[in-house]
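Written below as structure tokens is the structure these notes are about.
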Amino acid sequence: MNPAFDIEALRAVVAGIELRSFARAAVELGRSQSAISMQLKKLEQQAGTQLFVRKGRGLVPTEAGEALAAYARQIVTLNDEAARTLGAAVASETVRLGLPQDFFDDVMPATLTAFAADHSEAHVEVRAGPNHTLSDEIRAGRLDGAIVFYPEGAGGDGEPLGRLPMRWLMHKAVAGQSMQDRVPLVMFDHPCLFRQATLAALDKADRRWRVSVTTPSLPGIWGALRSKLGIAVRTGHGLPDDIVCADDGLGLPTLPAIELRLLRSQNATPAAHDLCEALRRETIDRVAPHRNSTP
């Protein structure tokens, strides 16, 4: 006899994995932590295999747990869609969007506005992060759609949306000044595609360099440039008014272009599909309108 998984237990699995904390899931679902723990144990008994293992102070899914979570999202979504169709009161659906911080001022609000036109009751969760994190979140089903950077011409998943040239960036107050013998660099933490491209270009040109600032955030990059601590590499999209592209006279090496791709969850709900379509349209319109920007 096949087990009949409890819908609320499956909802707890989805919430715990997406929030990365079953303690936070308990708060969101209005349940006690002990009640959530009992639901998870019951699911493991029904599944006949271990679904979660303890890591530090929390629980993380096993391979079987990840597989169950993928089905749980679909089951919970279908359950709630059926309830809405029949007029029952259910919690609003949550859809999850990921993108680099470069697009938080234009693509993100435009996408949310377009999506809300047909899904006014949905809850949208927006996450920023480095490429590898966003890609992992998509594969794990913790994000429904994401815009990510890829090296130009690289293989891999995702729908190409366009390409943007990388630029050497600096604060306008130091624009035109001669460059130091060792190029002072402001960079994201490792791993970072822009960081890799920067160092490769400088090494190929036999230019000496030093790292002056590393930071995990784009505002951190802008802050370091405003402090005149070095030069950074990013695209020219969404630059603050006081950040400019470096003059060619500085003798800095040519940088490659970088691709933008849209990644989608394989288990996207209809609402998540609409979110991805809005994200695709707004990214093309606002970031890569010609689908092939050139230096």
Side-chain angles (χ1 to χ4, degrees), residues 7 10-22 24-25 28-29 60-61 63 65-85 90-150 156-162 259-288:
I7 189 70
L10 295 179
R11 197 183 300 277
V13 168
V14 173
I17 291 177
E18 291 177 342
L19 294 172
R20 299 183 181 182
S21 167
F22 284 97
R24 289 198 292 269
E28 180 170 289
L29 297 174
V60 296
E63 184 175 346
E66 288 281 11
L68 176 64
Y71 286 109
R73 292 184 187 91
Q74 298 178 63
I75 293 169
V76 169
T77 297
L78 288 173
N79 175 85
D80 292 350
E81 285 181 358
R84 290 190 188 93
T85 299
V90 298
S92 60
E93 180 177 355
T94 295
V95 290
R96 292 169 172 82
L97 169 70
L99 68 172
Q101 296 173 58
D102 309 62
F103 309 133
F104 266 37
D105 289 338
D106 53 359
V107 173
M108 183 187 73
T111 298
L112 297 183
T113 299
F115 177 72
D118 295 319
H119 299 275
S120 59
E121 298 299 319
H123 167 222
V124 183
E125 182 178 308
V126 181
R127 301 181 189 173
N131 278 10
H132 68 282
T133 299
L134 295 178
S135 298
D136 289 346
E137 295 284 273
I138 286 286
R139 283 191 289 269
R142 290 189 287 266
L143 285 178
D144 296 304
I147 295 296
V148 297
F149 291 116
Y150 268 74
D157 300 328
E159 175 187 353
L161 300 183
E259 291 184 6
L260 281 178
R261 297 187 190 179
L262 170 63
L263 302 182
R264 304 171 187 250
S265 170
Q266 294 183 345
N267 301 309
T269 65
H273 172 77
D274 291 347
L275 177 67
C276 288
E277 285 302 304
L279 179 60
R280 177 184 179 276
R281 290 193 307 270
E282 297 302 334
T283 301
I284 291 175
D285 289 347
R286 298 170 185 279
V287 181

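Quick caveat, the model's predicted, so the values are computed rather than measured.
Contact record, Leu134 with Pro100: CD1-N, 4.2 Å, taken as the closest heavy-atom pair. Taking every heavy atom of both residues into account, Leu143 and Ser265 meet most closely at O-CB, 3.5 Å. Across all their heavy atoms, Ala278 and Ala114 have their closest contact at CB-CB, 4.2 Å. Minimum heavy-atom separation, Cys276 to Gly145: SG-CA, 3.6 Å. The minimum heavy-atom distance between Val107 and Thr283, with the atom names listed, is CG1-OG1, 3.6 Å. Listed here is the closest heavy atom pair of Phe104 and Ala128: CZ-CB, 3.5 Å.
Take Arg264 and apply the salt bridge (charged side-chain N to carboxylate O under 4.0 Å, His left out) test, not counting sequence neighbours, and it matches Glu159, Glu277. The side-chain contact (heavy atoms from CB on, under 4.5 Å) test applied to Val60 returns Val53, Lys55, not counting sequence neighbours.
Between atom CG of residue Leu263 and atom OH of residue Tyr150 there is a gap of 5.0 Å, rounded to the nearest 0.5 Å. One distance of note links CD1 of Ile284 with CG of Leu161; it measures 5.0 Å at 0.5 Å rounding. With rounding to the nearest 0.5 angstrom, the OG1 atom of Thr111 is 8.5 Å from the CZ atom of Arg281. The distance from atom CD of Gln74 to atom CG of Asn79, rounded to the nearest 0.5 Å, is 13.5 Å. Rounding to the nearest 0.5 Å places CG of Leu262 at 11.0 Å from CG of Leu99. Note that CD1 of Ile75 and CG of Leu68 are 7.5 Å apart. Values are rounded to the nearest 0.5 Å.
Between Leu112 and Val126 the shortest side-chain heavy-atom distance falls below 4.5 Å. Between Leu97 and Phe115 the shortest side-chain heavy-atom distance does not fall below 4.5 Å.
The salt bridge (Lys or Arg N to Asp or Glu O under 4.0 Å) contacts involving residues 125-138 comprise Arg20-Glu137, Arg96-Glu125, Glu125-Arg127, Arg127-Glu137, Asp136-Arg139, Glu137-Arg142, where partners must be two or more places apart or lie in separate chains.
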- [ ] Check the pair Ile7, Val76 against side-chain contact (heavy atoms from CB on, under 4.5 Å), reporting the backbone distance first and the verdict last.
- [x] CA-CA 7 Å; Ile7 189 70; Val76 169; 4.0 Å; yes

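Under a 3.5 Å cut-off, the side chain of Asn131 and the backbone N or O of Phe149 do form a donor-acceptor pair. Side-chain N or O atoms of Arg73 include none that pairs as donor or acceptor with a backbone N or O of Val14 at under 3.5 Å.
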